[in-house]
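The structure under discussion appears below in the form of structure tokens.
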Amino acid sequence: MSEAITRDIDRSHMKVSDEVAIDIRNMNKWYGTFHVLRDIDLTVHKGERIVIAGPSGSGKSTLIRCINRLEEHQSGHIVVDGIELTSDIKNIDKVRSEVGMVFQHFNLFPHLTVLENCTLAPIWVRKVPKKQAEATAMRFLEKVKIPEQAGKYPGQLSGGQQQRVAIARSLCMQPKIMLFDEPTSALDPEMIKEVLDTMIELAEEGMTMLCVTHEMGFAQAVANRVIFMDQGQIVEQNNPHDFFHNPKSERTKLFLSQILGH
Amino acid sequence: MSELHAQTVSFVRETMIPPAPPPTRQTGALRWLRENLFSGPVNTILTLLGLAIIWFLVSHFWDWFAHSVWNAASLAECRQIIAETWGEGARGACWAVIRERWNQYLFGFYPMELYFRPVMAFGFLMVALAPVLFSESLQIRRIVLIVSAVLTLVLMAMLGSPMVWLAFAAVVMIGAVVIAERHAPWLLIFSVLYPLLGIWLLWGGSLWPQIMVLASIGLGWLAWKLLVRVSPLLAMVAGVLVTLILWLVAVGPAAEDAQRLIPLAITAVDSDQFGGFLLSITIGVAGIALSLPLGIILALARRSDMFLVHTLAVTFIEFIRGVPLITLLFVASLLLNYFLPPGTNFDIILRVIIMVTIFAAAYMAEVIRGGLAALPRGQYEAADALGLDYWKAQRLIILPQALKISIPGIVSTFIGMFKDTTLVVFVGLFDPLKGVSDFVRANFAWKGVYWEPFIFVGAIFFIICFSMSRYSMFLERRLRREHR
């Protein structure tokens, strides 16, 4: 369950600006006839660290997957970094190259080395020269503390290492926003910490982050806002202190008692 | 056991056990026999049964092979020699027919003095394939290049090739060996040019059409280059259109004019002079090279979200797969003539290649679709999330993995298609199995010789198909990424 974050967090760079990074208004989504997301309104400012929590099936993954249009919303508006997501493919690709995403199951490319995983998108999407892309990739691999694995294939790494490569791969595109979709749920307890440490470092540098996670320790230490979702709706949102110590809705209280109770 | 505090359940290890080497495996022939052939009553019975079957087969065929005759002018002479040597009623193989007619099995009715040209084309094919098939295994590529250079040159000399051609082949093949050591990617230029060169060597005639085709591709590239800044899609369409229109309209007349000005022709050989393995390999190689890209496009089209593209692909694949290949070949040989304007001369081998290609491509598409379906959704999502567009995601992420999964199926399709080339006998071409064999038997001297040609042709087919199979296993091993 939730690991206690023991280290001190350096908050000097964690500044929430007035600029809007993501603006979601009146957004609805259905899977067939099933109403997965209902009237979502959410404004994310630059530099915010948001943790989205909730029981499984509450629509939290679907919500962040709508932000880079891995899922299509059927009504309402999503504006990311000033670009509205419509069916226009050019806009979608533009948003995707500005928004990094880390998946529960890493989704590294198994036929490419770690370094090639990290340089592929910069070279082919951003048209960065190969040498420069490799230098950038090595910098980010050092940041996630696995530069020595650059020549290996993902299949040779542990789960925690793979997830850190996945984070480095996203960072190589120099994204303005990072989405984390249950990044530690497929990992052993020992490996969760190394991935969380990387995420904390990222937060310390002022990255705008949206994390779907069950790591409440991380939420308490790093987030500036916690959103609780249930049945496709935002039930409660608050700063972490009040969210955990003074939850308002019954549903949130029940959820918190279940995951923090033992 | 000193570390165990025997009286309590709690246990603390004080020294870690260092890794020890595994026990050495006991080996030896007897041990192997006992473990693999006689491990139990059932296994023992099966082993004995197997031995009995092998004995039965060998004892029946042994004398036939042992009494082989290699030197004779006719089947009657063969039988006479066998009767004289091994006594009346003895059986024996008459390989003399192969010795007499090997050239027709290999080359059909290709003019004998020009045999060096197909040999050279085959040698060059190896040069063209080496950098593609063995792009990462330098050692194997070197061996393939050197062996095929030596074999090609020796065979050409033995077949009485003129010095000019021998020198040309030597320059190309030794040049390839040298370039492979110095700057290997350059070899791919030869691979790309090979189809034009190979066609010219096999069919002969003027070299100008080849040059004009290259020129029209060059002009198409120029059109693309000029327009690519305006719009990549428009540039692509313009480039392809310019090339195709030039092919259809300008290449023929331009080549004729050029030929009149500067003659650059070698003896032409007609398609109906092709036969035997020359025909099979020509159709097979062309079919393999064309059906793979077509199959990939069909597989992608079938998975497309666009209704029209999807429907067209499904219709095409299901129609082609639902029709016997022979039907398609008959369409190629007979029906097309009704539809084409009178007087058009559309080469029969080209028609057959087109039909064989679309037939194999339909199967290929389904094999590759299986590979595409086997990829986890996460791969598509990760590619999307990084901002790769559809074509880049397919080329860089999806296809390399899907094709790797599909290698066994793809090679099976290749092997099946290569063997199916024998069906061209039904449209009047001389395939090695029936076309050439029937022709050989039509001669009174070899009337009634069945087994030997079948075994000879079967053996060559087996060698080629087995090589493809081994290559696919080599490739699978090479591309394995999990435990390296």
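All figures in this text were calculated on a predicted structure; none of them were measured in a lab. Lettering follows sequence order; numbering is per chain, from 1.
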Measure from the side-chain N and O atoms of A/His111 to the backbone N and O of B/Lys404, and report whether any donor-acceptor pair falls under 3.5 Å. no

Please confirm whether the backbone N or O of A/Asn107 pairs with a side-chain atom of B/Glu381, one donor and one acceptor, at under 3.5 Å? no

Looking only at A/Gln104, A/Arg65, A/Met173, A/Lys94, most heavy-atom pairs under 4.5 Å shared with chain B are made by A/Arg65

For each of A/His105, A/Met101, A/Arg169, tally heavy-atom pairs with chain B at distances under 4.5 Å, and name the one with the top tally. A/Arg169

With a sphere of 6.0 Å drawn around CD of A/Glu148, does it hold more than 12 non-hydrogen atoms of other residues, nucleotides or ligands? yes

Around atom CG of B/Leu226, are there more than 12 heavy atoms from other residues, nucleotides or ligands closer than 6.0 Å? yes

So CG of A/Leu120 and CG of B/Leu388: to nearest 0.5 Å the spacing works out to 5.5 Å

Spacing of B/Asp389 atom CG and A/Trp124 atom CH2 [to the nearest 0.5 Å]: 10.5 Å

Heavy-atom cut-off 4.5 Å, strictly under: side chain, backbone, both or neither for [X] against chain B?
| X | result |
| --- | --- |
| A/Asp93 | both |
| A/Val102 | neither |
| A/Ile92 | neither |

Can you list the residues that meet the salt bridge (Lys or Arg N to Asp or Glu O under 4.0 Å) rule with A/Arg225, with sequence neighbours excluded? A/Glu48

Are A/Arg96 and B/Leu386 close enough, and set up right, to give a side-chain contact (heavy atoms from CB on, under 4.5 Å), and what steps lead you there? CA-CA 6 Å; A/Arg96 283 173 176 169; B/Leu386 285 170; over 6 Å; no

For A/Phe103 and B/Ala385, work out which heavy atoms get closest and say how close. CZ-CB, 3.9 Å

